Amino acid sequence: MIENKIDSLLSIMTLKEKIGQLVLYSGSWDVTGPPSDIGNKEKYEKLKNGEVGAMLNVTTVAGTKELQETVIENSRLKIPLLFGYDVIHGFKTIFPIPLGESASWDLEAIKKSSSIAAKEATASGINWAYGPMVDISRDARWGRIMEGAGEDPFLASEIAVARVQGFQGDDLSKKTTLAACAKHFAAYGFAEGGRDYNTVSIGEYELHNTVLPPFKAAAKAGVATMMNAFNEIDGIPATGHKELQRDILKESWDWDGFMVSDFASISEMIPHGYAVDKVHAAERAILAGCDMDMEGRAYEVGLEQLVKEGKVDEKLIDDAARRILRIKYRLGLFDDPYKYCDEAREKNDIYTKENIEASRDVAKKSIVLLKNDDTILPLKKDTRSIAVIGALANDKDSPIGSWRAMATANSAVSLLEGIKAAVDKTVKVSYAKGVAVGVGERNFVRELKINQEDVTGISEAVHIAKEAEVVVLAVGEEAFQSGEGRSQVSIDLTMPQQKLFEAIWAVNKNVVVVLMNGRPLVITDIAKKAPAILETWHLGSESGNAIADVLFGDYNPSGKLPVSFPRSVGQVPLYYNIKNTGRPTNVDSMVFWSHYTDEKNTALFPFGYGLSYTSFEYKNIEVSTPSFSAGGAITVSITVTNTGKRKGKEVVQLYIRDLVASITRPIKELKGFELIELEAGKSRTISFTINEEIIRFYTANKKWEAEPGEFKVFVGGSSKASLEASFFFKK
Ligand code: GLC
């Protein structure tokens with residue numbers, strides 16, 4: 001019994017050894033935050049003395065084995081190390097960025113992608129992934145919107161569970177599974193102005209009803225660890241937030257994993273103005289329930305003194321150490337500290353043909369067809385001539401995206417390569433860069449220079465566009481325009497790319513625009529003109545092949561947007577599940593209603609939206625009974641018909657609206673979805689069950705409960721679902 005083993009171990013550990021378990025160092029082999037002031041030599045000494053519980057950014061069997069041996073062969077109690085790494089969308093075989101993968105709404109595909117990432121990472125000595133990132137975000141200016149599952153708590157919760165299950169499998173002690181880490185607890189995606197690390201000022205109801213559900217879902221799914229956040233929430237840094245980490249997560253949710261700080265976030269409570277020094281920061285953090293110190297170097301300098309001074313009860317150190325030891329036991333590390341140090345697996349399980357094929361499969365399912373006028377798509381494989389234009393079309397690196405783990409630079413299949421591989425050999429495929437997007441070296445920690453004025457390559461692009469039957473134009477963002485530390489005030493295409501589109505459009509109307517981006521972009525002008533637009537995100541290792549699969553119809557696109565696309569950055573934060581306000585509509589053409597005088601309120605492309613090469617019709621929405629009461633349920637059913645000429649997938653979405661409640665409720669809330677596939681001409685009736693769990697929310701009673709009253713229910717293929725019915729819930 002693991003708890004008994006932990007009791008025995010804790011009973012013989014010194015205070016210094018217990019504190020050692022709460023210390024996480026970054027190997028200087030990789031840098032994902034401001035490097036600490038500690039060198040490798042000092043870290044080795046602490047490893048030998050059993051004063052380190054985990055390392056991050058150390059990879060390969062050789063690298064992890066060396067450090068594990070340092071601990072096992074030198075320390076008194078031989079407590080194995082955890083090895084953590086940012087496995088966000090793949091390890092070496094790279095999958096679509098999480099926001100893109102979320103557009104698949106395919107929970108099985110998402111789970112598989114995480115399980116492959118876990119298999120590859122564990123083959124390289126890693127036993128702890130710093131994923132899934134489950135931060136809700138409604139602000140495309142925020143660079144890390146690429147890393148989560150978008151704007152909706154229900155979809156993000158479902159995807160969080162799929163990713164946790166993929167990483168952890170059904171048995172954490174297996175060699176191919178690892179501890180997951182739901183992050184960043186909490187509300188990191190609500191940074192004011194979309195500026196990374198910035199202040200968060202949201203209320204209690206928004207926190208509970210919008211931000212916390214994906215974390216709660218991950219906790220219920222058994223996520224082994226969580227990571228807190230850099231930001232403060234209404235004056236209290238998340239790292240020092242007791243209500244969040246102890247009262248809600250560990251008490252109310254009864255979660256038994258451990259909470260790790262974000263990179264140096266404990267010590268960052270000093271610049272936050274919430275701690276005087278590292279000792280005070282250590283006190284704030286341990287009292288608030290932060291169990292492990294990632295490179296903050298606060299626990300190692302402060303905790304022993306705080307316990308001796310009676311400011312911190314040693315029981316809190318015991319609880320933190322217990323939680324960390326619990327995960328190490330569940331991983332099986334005490335039985336075999338070297339179980340992840342398997343050279344044969346490192347040679348055979350990473351970047352395999354099978355994994356790469358799986359990446360292509362998830363990638364094609366992540367593509368969203370935003371527009372397809374006159375069914376210009378799919379293209380014919382014997383099209384006489386295709387002009388492929390845009391720097392991103394010939395870019396083998398940007399599709400790998402930000403947070404790229406151990407991916408090899410320039411290892412993705414480019415769009416140009418994917419098109420050439422897909423078409424008949426008789427087809428003339430020409431290429432022109434047009435304009436650059438990023439300029440100079442790409443670097444994870446350094447600012448990327450973006451081309452804002454050089455348009456010299458447009459004439460060459462126009463020349464090949466004139467000659468071609470169809471143009472495939474790739475525009476969007478470089479890999480490192482999104483990700484950590486990459487917030488932007490503009491989410492427009494760069495001016496050179498806009499000029500490129502206009503010049504191409506002027507000479508050839510058959511333009512298929514392929515967006516490659518880490519965040520929603522403003523493409524309002526392109527959306528008016530281009531007959532076809534594919535949203536392809538940063539799709540990972542198999543990007544070009546997956547896009548070609550859709551371009552030429554080998555795969556009928558099925559993606560749906562997990563985020564709203566704005567018409568202007570001025571609309572941001574933009575999301576579908578808005579509150580109605582007291583002045584939702586235009587009265588007598590006066591100005592006194594909630595709107596902009598210079599732009600529509602609505603999204604250019606809304607949450608849940610995505611087209612297909614076929615079409616679907618929804619009809620016959622029915623509610624089984626007009627009302628239900630506590631313990632009961634109703635069924636909402638809908639008939640969906642494939643009214644087109646080819647088989648296709650559709651994400652059938654169920655939304656509700658709680659018309660009147662103890663706090664205001666959104667005009668729509670996603671509460672169910674089903675990914676179906678229908679042959680042309682076929683129909684199917686889909687049913688959703690609505691019970692108390694579905695309509696519960698955090699009420700004015702500060703409890704998660706259902707309230708009586710009338711509800712509307714909507715079913716359709718996007719958040720614009722208009723087929724509606726009503727029901728009552730009666731206490
Ligand atoms: C970074 C990120 C976090 C990541 C950690 C370790 O700053 O905020 O998501 O897991 O540090 O790299």
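Just follow the structure's listing: the first ligand is 1, and inside any ligand the first atom is 1. These numbers come from a predicted model, not from an experiment. Residue indices begin at 1 and follow the sequence shown.
- Taking the six-membered ring where the residue is Trp, the centroids of Tyr188 and Trp142 are separated by under 6.0 Å.
- Taking every heavy atom of His184 and a limit of under 4.0 angstrom, the matching atoms of ligand 1 come to 3 (C), 8 (O), 9 (O).
- For the pair Arg138 and Tyr575, the cation-pi test (distance below 6.0 Å, angle within 45°) is passed.
- Contacts with ligand 1 closer than 4.0 Å are made by no heavy atom of Asn57, backbone or side chain.
- Ion pairing between a basic and an acidic side chain is recognised when a charged N comes within 4.0 Å of a carboxylate O; Lys250 and Asp254 show no such pairing.
- The closest approach between any non-hydrogen atom of Phe230 and ligand 1 is below 4.0 Å.
- For the pair Asp262 and ligand 1, the shortest N or O to N or O distance falls below 3.5 Å.
- Between Tyr340 and Leu333 the shortest side-chain heavy-atom distance falls below 4.5 Å.
- Residue-level proximity to ligand 1 for Arg144 is carried by the side chain, the only part with a heavy atom below 4.0 angstrom.
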Between Thr122 and Lys175, does a side chain to side chain donor-acceptor pair (under 3.5 Å) hold up when you go through it step by step? CA-CA 7 Å; Thr122 52; Lys175 287 186 176 181; over 6 Å; no
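- Looking at residues two or more places apart in sequence or on another chain, you find no salt bridge (charged side-chain N to carboxylate O under 4.0 Å, His left out) involving Glu251.
- Those atoms of ligand 1 with a heavy atom of Leu56 less than 4.0 angstrom away are 6 (C), 12 (O).
- Ring-plane geometry between Phe607 and Trp105 is classed as tilted, the angle between the planes lying from 30 to 60 degrees on a 0 to 90 degree scale.
- In terms of polar-atom proximity, Tyr130 is not counted as a contact of ligand 1, lacking any N or O under 3.5 Å from an N or O of the ligand.
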Stepwise, does the ring pair (Phe, Tyr, Trp, His ring centres under 6.0 Å) test hold for Phe444 with Trp403? CA-CA 8 Å; Phe444 180 71; Trp403 287 117; 5.1 Å; yes
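- Heavy-atom contacts of Met227 reach the following atoms of ligand 1: 3 (C), 10 (O) (cutoff under 4.0 Å).
- Remark: ligand 1 atoms within the under-4.0 Å shell around heavy atoms of Lys183 are 3 (C), 4 (C), 9 (O), 10 (O).
- Checking only distances, Asp86 does come within under 3.5 Å of ligand 1, N or O to N or O.
- Heavy atoms of Met133 come nearer than 4.0 angstrom to ligand 1 in no pair at all.
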